Amino acid sequence: MAGPLSGTATRRPAAGPEAKPPRRARAVPPWARRLGGLLALLARRALLLAVLLAAVFAAVELLPGDAANATSERGESAADLAQRRELLGLDRPVAGRFADWMTGLPSGDLGTSARGESVADLLSRPFPNTLLLGGLALLVTLAVSVGLGCWAALKPGGGVDRAVSATATGVLALPEFVVAVALVLVFALWTGWLPAVTLTDSDGSPASWRMLVLPVLALAIPQIGWNTRIVRAALADEAKAPHVETAVIDGLPRHRVFTHHLLPGALPTIAAGIATSTGMLLGGAVVVETIFNYPGIGSVLAGAVTDRDSPVIAGVVAVTGAVITGVLLLADLVRAWASGGRT
């Protein structure tokens with residue numbers, strides 16, 4: 001009989017509830033991972049926009065003079081200027097003014113300009129015109145660059161490919177104001193086909209669609225060169241992929257290889273290039289609007305810089321940054337869809 005001194009240990013079942021097997025971690029669905037990644041990306045871009053807005057306030061603070069001096073009328077005394085500075089909050093630290101401005105941003109309150117106008121109301125009429133101009137230029141850029149890039153990729157190394165690549169490189173080097181001046185010279189002064197100055201209706205919008213042609217082309221042409229090279233390079237890289245080579249070896253028709261294997265794989269790179277052009281188009285719109293007297297935010301921004309008006313400049317940056325962030329997010333969705341649906 002075995003006992004405590006017999007040298008053989010006897011194990012007894014432990015008292016209490018039976019031990020449960022460890023739980024396995026639940027697998028996170030792919031859609032949840034993608035949603036989390038997109039939300040994290042959106043948060044990073046929102047933080048970047050906040051840093052940019054803070055830099056705007058700091059940069060305006062470093063300019064000589066202030067909004068009170070810039071908007072003062074002739075003959076105002078020092079006491080009047082001091083009262084105006086206090087009214088505009090210029091006697092407070094720039095960090096405090098920026099914090100107050102940021103607290104109203106989520107509700108759409110962009111603050112008050114140095115001349116006492118609501119910044120949101122000040123931008124409500126010209127900003128849609130700038131969006132119209134930039135949106136049309138983006139559509140033209142997308143259609144022409146994808147068409148030219150695909151045309152060049154159909155016969156790599158051929159005459160069309162070399163001509164498209166050389167032309168795209170040359171156009172890419174041209175700034176918007178040079179293209180705008182050339183377009184005015186050819187289509188307005190020499191031929192008289194299109195107007196060089198934009199007239200507006202009573203609601204502040206361009207009076208005719210013909211007045212949009214030259215500004216849209218001035219914005220789109222440099223970006224067409226940039227994106228045509230991106231499309232051509234993306235298609236060339238994708239042509240080396242194993243699934244494309246397999247489709248060619250299997251004897252599939254060229255158009256089917258192009259539409260079902262080559263183009264879908266290049267879509268993420270193309271989407272990223274087009275999204276990047278959004279910021280360039282909206283940035284170049286300021287110069288183009290000035291040349292064509294277009295009723296957009298270019299004149300508002302120029303006046304705000306002259307007035308040292310931080311809320312207006314920051315408001316322009318905020319609404320423009322929101323549009324660019326939205327387009328970049330759309331490009332991320334396209335890239336995620338293309339990568340997830342690719343076999």
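Residue indices begin at 1 and follow the sequence shown. Predicted model, so just to flag it, every value in this text is computed and none were measured. Excluded from the calculations below are hydrogen atoms, water molecules and symmetry mates; all remaining heavy atoms, backbone and side chain alike, are included.
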Could you name each residue pair satisfying ring-ring contact (aromatic ring centres under 6.0 Å, His included) that touches residues 87-111, not counting sequence neighbours?
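ring-ring contact (aromatic ring centres under 6.0 Å, His included) check on residues 87-111 returns Phe57-Phe98, Phe57-Trp101.
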Any pair counted as ring-ring contact (aromatic ring centres under 6.0 Å, His included), so long as it reaches residues 155-194, sequence neighbours left out
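Output for this query is empty, none listed.
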Residue list, side chain to side chain donor-acceptor pair (under 3.5 Å) with [X], at least two apart or on another chain:
X: Asn227; result: Ser277
X: Ser208; result: none
X: Thr167; result: none
X: Asp91; result: none

List the atom pairs, with distances to 0.1 Å, where a side-chain N or O of residues 41-49 and a protein N or O form a donor-acceptor pair under 3.5 Å, not counting sequence neighbours.
residue	atom	partner	partner atom	Å
Arg45	NH1	Asp332	OD2	2.6
Arg45	NH2	Asp332	OD2	3.3

Please collect all salt bridge (charged side-chain N to carboxylate O under 4.0 Å, His left out) contacts where either partner lies in [range], sequence neighbours excluded, each pair once.
range: residues 153-177; answer: Asp161-Arg232
range: residues 100-111; answer: Arg92-Asp100
range: residues 280-307; answer: Arg115-Asp307

Exam field: side chain Thr306 to backbone Ala302, donor-acceptor pair closer than 3.5 Å
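It does hold such a pair.
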Which residues satisfy the side chain to side chain contact (heavy atoms under 4.5 Å, CB included) test with Asp250, sequence neighbours excluded?
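With sequence neighbours excluded, Asp250 shows a side chain to side chain contact (heavy atoms under 4.5 Å, CB included) to Thr246, given in chain and number order.
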Under 3.5 Å, which donor-acceptor pairs do the side chains of residues 134-152 form with other protein atoms, sequence neighbours left out?
residue	atom	partner	partner atom	Å
Thr141	OG1	Ala137	O	2.7
Ser145	OG	Thr141	O	2.4
Ser145	OG	Leu142	O	3.4

